[in-house]
Number of protein chains: 2
Amino acid sequence: MHDLAQRLGVSVTTVSRALQDHHSIGRKTKDSVKKLADELGYQRNSMAAALRKKKSNTIGVIVPQIARPFISSMISGIEQVANEAGFSVLISQSSDLYQKEVKHASSLYSSDVDGLIVSLAMETQNYDHFSPFLDHDVPVVMVDRVTEKLEVDKVIINNFSAAFQATEHLIASGYRRIAHMGGAAHRNIYRERKKGYLAALQKHGLVTEEALITDTILSIDAGIESTRRLMNLANPPDAIFAANDTTAVQSILYLQELGIDVPQEVGVVGFNNDPISVIVQPNLTTVSHPADEMGIAAAKQLVDKIDGERRGIETITIETELIVRDSSTKRSTNPAEKSTKGLISRDVQNVQNII
Amino acid sequence: MHDLAQRLGVSVTTVSRALQDHHSIGRKTKDSVKKLADELGYQRNSMAAALRKKKSNTIGVIVPQIARPFISSMISGIEQVANEAGFSVLISQSSDLYQKEVKHASSLYSSDVDGLIVSLAMETQNYDHFSPFLDHDVPVVMVDRVTEKLEVDKVIINNFSAAFQATEHLIASGYRRIAHMGGAAHRNIYRERKKGYLAALQKHGLVTEEALITDTILSIDAGIESTRRLMNLANPPDAIFAANDTTAVQSILYLQELGIDVPQEVGVVGFNNDPISVIVQPNLTTVSHPADEMGIAAAKQLVDKIDGERRGIETITIETELIVRDSSTKRSTNPAEKSTKGLISRDVQNVQNII
DNA sequence: TTGTAAGCGTTATCAT
DNA sequence: ATGATAACGCTTACAA
């Protein structure tokens, strides 16, 4: 900038203003400044600007794991909105570890991010690491894995009602002994899903046995192991409602290994609408969990607050939808109805990003 | 820092040094400074430090799409290495658009990133937007989708030999009329895969018909459409080698809709070892493409160069492996061999991240 | 071992 | 419409 100013015989102030289209600078001056800047390949130093303005035009994101379909779609949504609004995105993953989340929070804070989007680690139960942000009025938005212990903006889905609906669907499909493969109980999304499941059973007067419920980390192995345990029960379930698609799909595959027909003998419903849900045969009935929409909503919420266009705390609830596919609907035994023999069912339209 | 200095009756210099564990500061002083800093919740302002040191401890990443299994795993690898080395990660997606890639490059440059990791957009054919980095000695590393037109560090796989191997495997399995569903020809990874495919056919004296080759964006729809076109040929193929798993899996599903048996009538091989490859039945034979390893290698390369521990240009080639599953191996017709009836094959171990 | 002071590249304030 | 100057918060010669 000094260079530009000298060459043009004006002050750095003028250059700075011209580059920012400040109203008090003449057309001619602006044009000449911009022209020379272009020619010399001048690139504004955002560090210095950030330091002076105390605004970095950067938002921080902390997620449990980047490499999950749900999370990466969410990040993608965040990135789009943020970039349109002129923000860069600083990303970090906690690997579901509390310690890492704390470290990242502190590092992002001292990077002077203008705002923070968080989806909590599975482990996290203490939230003091977010205090610096709250104390210094740096906006925070929590997405999906949130906590009621912090008064911040949130973007969530109605896990209770989604789970309730999913379970009722199984009941309506004729299943009676329904198991639930759930996640860590202190993470409210899993707690809510379990509650919704229990509420549906109760409404219809069905058994709610502890033995029919597993609490795991919802990994591949956990899916196989939980299914094994459930099917080894003296009185095994005739349906499984899993808190994510990963475990649901593993259930289907494992049941098939056991020679058990899905959905004829055991029905399965998942959660998330991951790509795999339309690849597995039979296609998995699941709950759409619009990750990109959630990311977009969170980023918008954050940007609006940073730009001062919004005050106060709000929680946005994104709509989900039960997507009924073949893993939970018994085929008709009426020979009059036409079967789909030869035709494998597919439902490519509804699935989340899959490329 | 001023505050700390005053309270302790020392200079800011001392505080700054104490916080950085500078050797010329006494143990006692260091301790007291650190203690008070903790108590007052002091957080170093990395902007100011970056401005002064001309090092932001941030690396920029530009990828085509965040929400793809391959890319998100790669990012995850980058993030891990970068964070261990004390760098933050600024992420942006080009959406496979040239214009966006250019914008992001410029924005990252003026954010003063210490280095850049890029995987090129499908569209990109001009590379001038990376000149600012190269001209000012900001290290650049390209991963996977690279170009020979830029002299920078690279992390790639041997696409030619992987494709060659995959095609030879199909030939060894008894397929003779092998089609290829490939990607944009100006992106060298797809060009190399096609070359490998052709070379294998030629080596074994098989036909290499243009009609058996499709060039698409390798999306779900492209997978279905290409398969339709191939199978409508007067003389359709008896095997398909696809340049990614997305299209390969769609091929399998579509062939099954047509009532065609995979692998008995048509064999299919994919590329990437995405999660879906072990969900589809029959499990997909594919090429492992260790995304996280590539991300890790790229980040290490970059960090080493930033830290001045390495000079000159180098290309790292990550090993891939042909993972033979059921989609490409005809079942024995010899009744003496035991069939796997009732037992659905699974190969959970080898697949890329899937949670 | 510690302190003084300059300076990183901008932008904001106040003047002209 | 433009300019001089201070300041953002930190690091680092150089001095003591």
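Proteins get letters first, then strands, A, B, ... in listed order; numbering begins at 1 in each.
With rounding to whole Å, B/D3 atom CG is found 14 Å from D/dC8 atom P. Going from atom CG of B/L4 over to atom P of D/dT11 covers 12 Å, rounded to whole Å.
The aromatic rings of B/Y109 and B/H136 sit tilted, their planes meeting at an angle between 30° and 60°. Ring geometry for B/F133 against B/F130 counts as tilted: the plane angle lies between 30° and 60°, on a 0 to 90° scale.
Remark: B/D21 does not engage B/R27 in a salt bridge, criterion side-chain N to carboxylate O under 4.0 Å.
Side-chain contact between B/K154 and B/V152 is present, with heavy atoms from C-beta onward closer than 4.5 Å.
Residue-level contact check: A/S16 touches the bases, meaning some heavy atom is under 4.0 Å from a base atom.
A 4.0 Å heavy-atom criterion places the boundary nucleotides of DNA chain C facing chain B at C/dT1 to C/dG9, written 5' to 3'.
If you check residues 24-43 of chain A against DNA chain D, the residues with a heavy atom closer than 4.0 Å are A/S24, A/I25, A/G26, A/T29, listed by number. Contacts between residues 104-111 of chain A and DNA chain D, defined by a heavy-atom separation below 4.0 Å, involve no residue at all.
One finds the CD atom of B/Q301 at 11.5 Å from the CD1 atom of B/I306 (value rounded to the nearest 0.5 Å).
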Go through the steps to decide whether B/S76 and B/S73 satisfy the test side chain to side chain donor-acceptor pair (under 3.5 Å), and finish with yes or no.
CA-CA 5 Å; B/S76 176; B/S73 295; over 6 Å; no

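Looking at the side chain of A/T13, the nearest of the listed nucleotides D/dC14, D/dG3, D/dC8 is D/dG3.
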